[in-house]
Amino acid sequence: MRSSQLLKEFMETKRDRSAWLKGPAFPCEVTAPNVARPWKLVLLGAPGVGKGTQAELLTQQLGACHLSTGDIFRTAKCLSEGERSPAMSVALEYMRRGDLVPDTTVLQMVRERVNCLRCHGGFLLDGFPRTVAQADALQALLREQNLALDAVLNFALPIDEVVARLAGRRTCNACKAVYHVTGLPPRKEGICNQCGGPLVQREDDKPESVRVRMEVYEKSTAPLTDFYCRLGLLVSVSAQGSTTEILGRTMAALQSRDRNGPKRSRMSVQGV
Ligand code: AP5
């Protein structure tokens, strides 16, 4: 299948993310008519903990706009060399190894979608920020826009379960739907339920890249829990159990925060 066809299919299946994928000037298509409260959230947690899965479910529940920096890089991979900017080609090389893409490239991309920070249903930042420098830049960007985060959800899971989730993940090459060989198997082995495309293992889910990603997470991203704890924004949620159990815990944590307000310098813990 040609790269432009893959990209088109991806954009058609990923409702709320499509605007970003079509370029900075493209208007966001998220419609959230009955939103009781627009949540402005960041999702934190180790690679493979289930952030993307929960983000999809939270988007349906909250009507928020799901912004995933990892998705944008993976989509750029579908483009041919000639269609990619030189900066994007460099970014993809970092990603393939399991390293973080340089902060300047990521921040430039996020700035392109600054309008989505004002989406009617709020927003879910998935995979951003990932370093203290990115978190500082996000705080500055939000201040500039006269906005503030409501909470930072930190999904926690023992490392052996995280590794098992990454090792068994399979992704549709065409529509990017996510499966797990045992936890969420497709009806027909190796074939996507939604579009019939082939299921593949992500390049950065191979053991050598997973090792690098875990080290990078511990060094660069784990310190963000202290950063957001000091701001009174951190809400830790256990990522153990089924996806609906985790969603239930997350919604309960958000509702409790809504009722009781933030607890400055203390972690509120749900099911950990
Ligand atoms: P990104 O795409 O953000 O990857 P990640 O953070 O490593 O997260 P993953 O997508 O691997 O996992 P997830 O937590 O979303 O888990 P999922 O829901 O899929 O980033 C990729 C790369 O891009 C980075 O390494 C970096 O190079 C670059 N990048 C991106 N953002 C960047 C930034 N801001 N700065 C610099 N570089 C950046 O679930 C995993 C598996 O578990 C699936 O198979 C799923 O079906 C299964 N699963 C989920 N929930 C459950 C459950 N409850 N029970 C059983 N199985 C489950």
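The first residue of the sequence shown is numbered 1, and numbering continues consecutively from there. Both counts, for ligands and for their atoms, begin at 1 and track the order of listing.
Protein heavy atom closest to atom 49 (C) of ligand 1, with residue, atom name and distance, is T53 OG1, 3.5 Å. Counting only heavy atoms of the protein, atom 53 (N) of ligand 1 lies nearest to G241 O, 2.9 Å. When only non-hydrogen protein atoms are considered, atom 42 (O) of ligand 1 lies nearest to R165 CB, 3.3 Å. Of the protein's non-hydrogen atoms, K51 NZ, 3.4 Å is the one closest to atom 8 (O) of ligand 1. Nearest protein neighbour of atom 9 (P) of ligand 1, counting heavy atoms only, is R169 NH1, 3.4 Å. Remark: minimum distance from atom 43 (C) of ligand 1 to any protein heavy atom is reached at V178 CG1, 3.6 Å.
Between E208 and R211, none of the side-chain N atoms (NZ, or NE/NH1/NH2) sits under 4.0 Å from a carboxylate O, so this pair counts as no salt bridge. Between E144 and R111, at least one side-chain nitrogen of the basic residue sits less than 4.0 Å from a carboxylate oxygen of the acidic one, meeting the salt-bridge criterion. Checked for salt-bridge contact, R37 and D150 meet the test: a charged N lies under 4.0 Å from a carboxylate O. At a threshold of 4.0 Å, the pair K51-D126 does not count as salt-bridged, since none of the basic side-chain nitrogens sits closer than that to a carboxylate oxygen.
Contacts of Q134 with ligand 1, taken as heavy-atom pairs under 4.0 Å, involve the side chain alone. Under 4.0 angstrom from ligand 1, the non-hydrogen atoms of Y179 all belong to its backbone. The part of R213 lying near ligand 1 is the side chain, judged by heavy-atom distances below 4.0 Å. Contacts between V101 and ligand 1 below 4.0 angstrom, taking non-hydrogen atoms only, involve backbone and side chain alike. Neither the backbone nor the side chain of S68 has a heavy atom within less than 4.0 Å of ligand 1. Under 4.0 angstrom from ligand 1, the non-hydrogen atoms of T243 come from both its backbone and its side chain.
For N193, there are no side chain to side chain donor-acceptor pair (under 3.5 Å) partners, not counting sequence neighbours.
The two residues I246 and G241 make their nearest non-hydrogen contact at CD1-O, 3.7 Å. Residues P186 and L199 approach most closely at CG-CD1, 3.5 Å, considering heavy atoms.
Residue P102 places no heavy atom under 4.0 Å from ligand 1. Within the 4.0 Å heavy-atom shell around ligand 1 one finds G48. Distances shorter than 4.0 angstrom occur between a heavy atom of R202 and an atom of ligand 1.
The G52 neighbourhood of ligand 1 comprises atoms 13 (P), 15 (O), 18 (O), with distances under 4.0 Å to a heavy atom of that residue. Of all atoms in ligand 1, numbered sequentially from 1 with element shown, those under 4.0 Å from a heavy atom of D99 are 26 (C), 27 (O). Taking a cut-off of under 4.0 Å to the non-hydrogen atoms of S242, the atoms of ligand 1 that pass are 53 (N). Under a 4.0 Å criterion applied to the non-hydrogen atoms of I246, ligand 1 contributes the atoms 53 (N). Interface atoms of ligand 1 facing R74, defined by a heavy-atom separation under 4.0 Å, are 2 (O), 21 (C). For ligand 1, the atoms closer than 4.0 angstrom to any heavy atom of V106 are 33 (C), 34 (N), 35 (N), 36 (C). Residue T69 approaches ligand 1 through these ligand atoms, each under 4.0 Å from one of its heavy atoms: 30 (C), 31 (N), 32 (C), 34 (N). Near H180, meaning under 4.0 Å from one of its heavy atoms, ligand 1 places the atoms 44 (O), 46 (O).
More than 12 heavy-atom neighbours from other residues, nucleotides or ligands sit within 6.0 angstrom of CZ on F227. The environment of Q108 atom CD is sparse: at most 12 non-hydrogen atoms of other residues, nucleotides or ligands sit within 6.0 angstrom.
Members clustered with V181: none, using a 4.5 Å side-chain heavy-atom cutoff among hydrophobic residues.
Remark: the backbone N or O of R96 is paired with a side-chain donor or acceptor of S209 at under 3.5 angstrom.
No donor-acceptor contact under 3.5 angstrom links the side chains of S68 and H66, judged on distance only.
Evaluated by nearest non-hydrogen atom to atom 1 (P) of ligand 1, the leading choice among Q240, R130, M95 is R130. For atom 39 (O) of ligand 1, the nearest non-hydrogen atom from the set S220, G50, G127 comes from G50.
Both L124 and M251 belong to a single network of hydrophobic side chains, linked directly or stepwise wherever heavy atoms of I, L, V, M, F, W or Y lie under 4.5 Å apart.
For the pair R213 and Y217, the NZ or CZ position fails the cation-pi test of under 6.0 Å to the six-membered ring centre and within 45 degrees of the ring normal.
Between F123 and the choices T59, L62, L41, L149, the side chain to side chain contact (heavy atoms under 4.5 Å, CB included) rule is met once, by L149.
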